[in-house]
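The block underneath contains the structure these notes are about, expressed in structure tokens.
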Amino acid sequence: GAHAGRAVPLPARAYPGSTRRWRLGGALRPVRWEHAHPAGARRLLLLLLLAGSAASPAEEGGGRREAGGGEQSEEAARPHHDSSYGTFASEFYDLRYLSEEGYPFPTAPPVDPFAKIRVDDCGKTKGCFRYGKPGCNAETCDYFLSYRRIGADVEFELSADTDGWVAVGFSSDKKMGGDDVMACVHDDNGRVRIQHFYNVGQWAKEIQRNPARDEEGVFENNRVTCRFKRPVYVPREETIVDLHLNWYYLFAWGPAIQGSITRHDIDSPPVSEHVVSIYKYEDIFMPSAAYQTFSSPFCLLLIVALTFYLLMGTP
């Protein structure tokens, strides 16, 4: 209104160190305040800084002192501006990457590393299955699984001595076929993805509807390890079972080719001896084949009989 049609200098308090006129492109041009709207304030300040760095020492030296009192002018009192690239880059960062309040814009939080599976909670706050050498844990067992309820979900942790995949199946019997399967698959890019399968006989068919969430996985020390949640209750669906019911758990692992699972490592993968309830936490150990030979009572009796036969000889 009152200033329409004439140049109005920028107030010094709006831009520290500013003068009444700025050098833009080598010429002195007045700046109209009504044109310096807030949306373009950053861009305008950047142009002004660039213009200031282009001014020559000779031009900046003239007219520094006022005629009357020998006092330095407002422009002369401004700190010396270093026109080096480092200073320009710093100023440009302040303009481009700082918010109006001077704080950096928020960035994505760093990805948390995979938290190791705790086994001292087995049988207490979560259920566990271990398959392998006696006394093994989540990092040394041939196969490891844990489960625990978290609200309306069940959290599963799986780990196996393989560079391919590790899985758990939920079955109404102890045989493969018609089973809901969750698998953690190590692909060629080094990622571990959680996939959903449905067993059709001996063949696993991938199902696009995946109930897993809060998925995380890692491949380290030639082991595939993962953690995920899936809801306890699901809408009626043939390929996704309700976990509040009791199921036999099928444990399997094996190699993968280009991120696709292949046949499991052993001919007869281990199976839970009885149906598993997510409301009951147990710590169950199953010795692998290498440790079953001498632990079976039948095998021990057979060894004693053969030894006795060899010592006594045939009649």
remark   = Of all heavy-atom pairs linking A256 and V185, the shortest is CB-CG1, 4.4 Å

task = Find out whether H244 and Y233 are in side-chain contact, i.e. whether some heavy atom of one side chain is under 4.5 Å from a heavy atom of the other.
result = yes

query = Step by step, would you call K126 with D121 a salt bridge (Lys or Arg N to Asp or Glu O under 4.0 Å)?
reply = CA-CA 6 Å; K126 64 182 179 182; D121 297 332; 5.1 Å; no

request  = Please determine if D283 and R130 form a salt bridge, counting it only when a charged side-chain N lies under 4.0 Å from a carboxylate O.
outcome  = yes

request  = Could you tell me which non-hydrogen atom of D163 sits nearest to which non-hydrogen atom of F219, and how far apart they are?
outcome  = CA-CE1, 3.4 Å

V192 vs V218, side-chain contact (heavy atoms from CB on, under 4.5 Å): CA-CA, chis, key distance, verdict = CA-CA 6 Å; V192 175; V218 65; 5.5 Å; no

task = List the steps, then state whether salt bridge (Lys or Arg N to Asp or Glu O under 4.0 Å) holds for D153 with R213.
result = CA-CA 10 Å; D153 296 328; R213 56 187 176 213; 2.3 Å; yes

inquiry  = Looking at every heavy atom in both V224 and C184, which two are closest together, and how far apart are they?
reply    = CG1-O, 3.8 Å

key: Beyond-backbone contact of V271 with Y249, side-chain heavy atoms, under 4.5 angstrom   = no

query = What closest approach, in Å, do P211 and P231 show between heavy atoms, and which atom pair accounts for it?
reply = O-CD, 3.5 Å

key: For I117 against L158, the heavy-atom pair lying closest together   = CD1-O, 4.4 Å

Passing candidate, side-chain contact (heavy atoms from CB on, under 4.5 Å) with F170, options V241, V181, L245, I240 = V241

query = Around atom CD of E206, are there more than 12 heavy atoms of other residues, nucleotides or ligands at under 6.0 Å?
reply = yes

query = From F251 CZ over to S272 OG, what is the distance, rounded to the nearest 0.5 angstrom?
reply = 5.0 Å

query = Is any NZ, NE, NH1 or NH2 atom of the basic residue among D120 and R118 found under 4.0 Å from an Asp or Glu carboxylate oxygen of the other?
reply = yes

task = Examine distances only and state if a side-chain atom of K174 and a backbone atom of E273 form a donor-acceptor pair shorter than 3.5 Å.
result = yes

note = Between E157 and S146, the two heavy atoms sitting closest are OE1-OG, 2.6 Å

request  = Output, in order, the C-alpha distance, side-chain angles, deciding distance and verdict of side-chain contact (heavy atoms from CB on, under 4.5 Å) for H274 and I284.
outcome  = CA-CA 11 Å; H274 52 77; I284 298 177; 4.1 Å; yes

request  = Examine the side chains of D180 and H196 and answer whether a donor and an acceptor come within less than 3.5 Å of each other.
outcome  = yes

request  = Consider only side-chain heavy atoms of I, L, V, M, F, W and Y, link residues closer than 4.5 Å, and tell whether V234 and I207 are in one cluster.
outcome  = no

ask   = Between CG of N246 and CG of D242, what distance do you get to the nearest 0.5 Å?
value = 12.0 Å

query = Is there side-chain contact between K229 and I150, with heavy atoms separated by less than 4.5 Å?
reply = yes

request  = Decide side-chain contact (heavy atoms from CB on, under 4.5 Å) for C128 and F144; before the verdict, give the C-alpha distance in whole Å, the side-chain angles of both, and the deciding distance to 0.1 Å.
outcome  = CA-CA 7 Å; C128 298; F144 178 90; 3.9 Å; yes

message = If you apply the rule side-chain contact (heavy atoms from CB on, under 4.5 Å), what do you find for C226 with I194, and how did you get there?
response = CA-CA 8 Å; C226 64; I194 286 76; 4.3 Å; yes

note = CZ of F228 to CG of N210, rounded to nearest 0.5 Å, is 8.5 Å

key: Residue pair W253, Y131: steps toward the ring-ring contact (aromatic ring centres under 6.0 Å, His included) verdict   = CA-CA 12 Å; W253 63 99; Y131 177 86; 5.7 Å; yes

ask   = Should M286 and V168 be counted in the same cluster of Ile, Leu, Val, Met, Phe, Trp and Tyr side chains packed under 4.5 Å apart?
value = yes

task = Give a yes or no on whether K124 atom NZ has more than 12 heavy-atom contacts from other residues, nucleotides or ligands under 6.0 Å away.
result = no

query = Taking side chain as C-beta onward, heavy atoms only, is Q195 less than 4.5 Å from M182?
reply = no

ask   = If you measure from NE2 on H186 to CZ on R193, what distance do you get to the nearest 0.5 Å?
value = 10.0 Å

inquiry  = Please tell me whether Y248 and F285 are part of a single hydrophobic cluster in this structure, the criterion being side-chain heavy atoms less than 4.5 Å apart.
reply    = no

query = Is the NZ or CZ atom of R227 positioned over F114's six-membered ring, under 6.0 angstrom from the centre and within 45° of the axis?
reply = yes

ask   = Near R223 CZ, under 6.0 Å, is it more than 12 heavy atoms from other residues, nucleotides or ligands?
value = yes

inquiry  = So, taking the atom named OH in Y279 and the one named CZ in R149, what distance separates them when rounded to the nearest 0.5 Å?
reply    = 6.5 Å

message = As an exercise, state the distance from CG of N189 to CZ of R191, rounded to the nearest 0.5 Å.
response = 5.0 Å

